Amino acid sequence: MLKPYYNGIEMLEAGCDEAGRGCLAGPVFASSVILPGDFYHPLLNDSKQISEKTRNKLRDIIEKEAIAWAVGMVHPDEIDKMNILNASIKAMHLSISRLEISPGFLLIDGNRFHPYASISHATVVKGDCKYTSIAAASILAKTHRDEYMTRIHKDHPQYHWHQNKGYPTATHRQAIREYGITLHHRKSFRHLPDFDQMQLPFDHS
């Protein structure tokens, strides 16, 4: 069962998580969520462990019942400049900065984070499976990112982003092999393990 607080601390605690670190295309998204202490939903879990339908249902519930929530994203060109770890942390910082209420503590999924302002924080490996607020943040980051990828899929349907959401599936990689990369692709990532990146055509649209 997910825990509501970190070590029993009862304060305005914001859970933070990201989505899209391992993708070949699209931004990395992050969300920060402050939940009421008594928040509970039996289906809430790490976003990767539940279906798309359940994630979307939970998104509506979380956004309605959260004390505060926000989403941030960092685009591929920035990811290429600062690397995906720093871009993920920047996305988290952006989401924290957009919260309408300032939290007293930050609960971060993973093991790496740069301090934000003067707010104390703790990192928790697999935190989205352990704490309610991080699980909620994982749901919002994932659903907002999926929504974004489905939207830009309409301009580049050959990559099937409405299905693979930019992850390195066989279908996505085959499309890259045939059509090259777009402005939405992360140029610092290795798109095709057996192919020279410099030979890939580039679509500026």
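Computed from a predicted structure; not experimentally measured.
- The structure places CD of Glu63 at 5.0 Å from CG of Leu140, a figure rounded to the nearest 0.5 Å.
- A distance below 6.0 Å separates the ring centres of His185 and Tyr159.
- Across all non-hydrogen atoms, the minimal contact from Tyr148 to Pro27 is CE2-CD, 3.3 Å.
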Val74 vs Phe29, side chain to side chain contact (heavy atoms under 4.5 Å, CB included): CA-CA, chis, key distance, verdict: CA-CA 7 Å; Val74 174; Phe29 272 64; over 6 Å; no
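- The closest side-chain heavy-atom distance from Met149 to His162 is not below 4.5 Å.
- With contacts defined as side-chain heavy-atom distances shorter than 4.5 Å, the pair Pro103/Ile119 qualifies.
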Candidate pair Leu107 and His121, rule side chain to side chain contact (heavy atoms under 4.5 Å, CB included), full reasoning: CA-CA 6 Å; Leu107 200 51; His121 73 270; over 6 Å; no
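- Every residue two or more places apart in sequence or in another chain that forms a ring pair (Phe, Tyr, Trp, His ring centres under 6.0 Å) with His144 is listed here: Trp69.
- In this structure, Arg55 CZ and Gln49 CD are separated by 10.5 Å, a value rounded to the nearest 0.5 Å.
- Transitive grouping of hydrophobic side chains (ILVMFWY, heavy atoms separated by less than 4.5 Å) keeps Met82 and Met92 in distinct clusters.
- To the nearest 0.5 Å, atoms CD1 (Ile89) and CD1 (Ile84) are separated by 10.5 Å.
- When ring centroids are compared, Phe113 and His93 come within the 6.0 Å threshold.
- Closest of all the heavy-atom pairs between Ser95 and Ser32 is OG-OG, 2.7 Å.
- Considering Ser47, Cys23, Ser31 as possible partners of Arg145, the one that fulfils the side-chain contact (heavy atoms from CB on, under 4.5 Å) test is Cys23.
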Test log, rule side chain to side chain contact (heavy atoms under 4.5 Å, CB included), inputs Arg173 and Arg177: CA-CA 6 Å; Arg173 281 189 156 140; Arg177 192 182 299 275; 5.9 Å; no
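- Contact of the Leu106 side chain with the Tyr116 side chain is registered, since non-hydrogen atoms from C-beta on lie closer than 4.5 Å.
- Put simply, the side chain of Gln158 does not reach to within 4.5 Å of the side chain of Glu178, judged on heavy atoms.
- The shortest heavy-atom contact between Leu58 and Leu43 is CD1-O, 3.7 Å.
- Rounding to the nearest 0.5 Å gives a distance of 7.0 Å between CD1 of Ile152 and OG1 of Thr182.
- Residues Thr171 and Gln163 are not in side-chain contact: their nearest non-hydrogen atoms beyond the backbone lie 4.5 Å or more apart.
- His172 and His160 have their aromatic ring centers separated by at least 6.0 angstrom.
- Other cluster members for Tyr40: Met1, joined by side-chain heavy-atom distances under 4.5 Å among Ile, Leu, Val, Met, Phe, Trp and Tyr.
- Using a cutoff of 4.0 Å between basic side-chain nitrogens and carboxylate oxygens, Asp146 and Lys142 are scored as salt-bridged.
- The one candidate from Asn83, Asp77, Asp80 that meets the side chain to side chain donor-acceptor pair (under 3.5 Å) condition with Ser188 is Asp80.
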Worked check of side chain to side chain contact (heavy atoms under 4.5 Å, CB included) between Ile61 and His41: CA-CA 9 Å; Ile61 293 169; His41 194 286; 3.5 Å; yes
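- Ser102 approaches Leu12 most closely through the heavy-atom pair O-CD1, 4.3 Å.
- What you find for Ile79 and Gly26 is that their closest heavy atoms are CD1-O, 4.1 Å.
- Considering every non-hydrogen atom in both Gly72 and Leu94, the closest pair reads CA-CB, 4.1 Å.
- Contact check for Glu147 versus Arg59: side-chain heavy atoms found under the 4.5 Å cut-off.
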Between side-chain atoms of residues 126-133 and protein atoms elsewhere (two or more places apart, or another chain), which donor-acceptor pairs fall under 3.5 Å?
residue	atom	partner	partner atom	Å
Asp128	OD2	Lys48	NZ	3.4
Lys130	NZ	Val125	O	3.0
Thr132	OG1	Lys3	O	3.3

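- Judged purely by distance below 3.5 Å, without hydrogens or angles, the side chains of His114 and Asn86 pair a donor atom with an acceptor atom.
- Partner of Ile134 under the side-chain contact (heavy atoms from CB on, under 4.5 Å) criterion, out of Asp109, Ile139, Asp46, Leu2: Asp109 alone.
- The hydrophobic cluster containing Ile181 does not contain Tyr167, counting ILVMFWY residues as joined when their side-chain heavy atoms lie under 4.5 angstrom apart, directly or transitively.
- Relative to the ring axis of Phe189, Arg186 places its NZ or CZ within 45° and under 6.0 Å from the centre.
- With rounding to the nearest 0.5 Å, the separation of CG in Leu44 from NZ in Lys57 is 12.0 Å.
- The main-chain N or O of Ala141 is never found under 3.5 Å from a side-chain atom of Glu18 such that the two would form a donor-acceptor pair.
- You'll find the side chain of Pro36 reaches within 4.5 Å of the side chain of Ile67, heavy atoms only.
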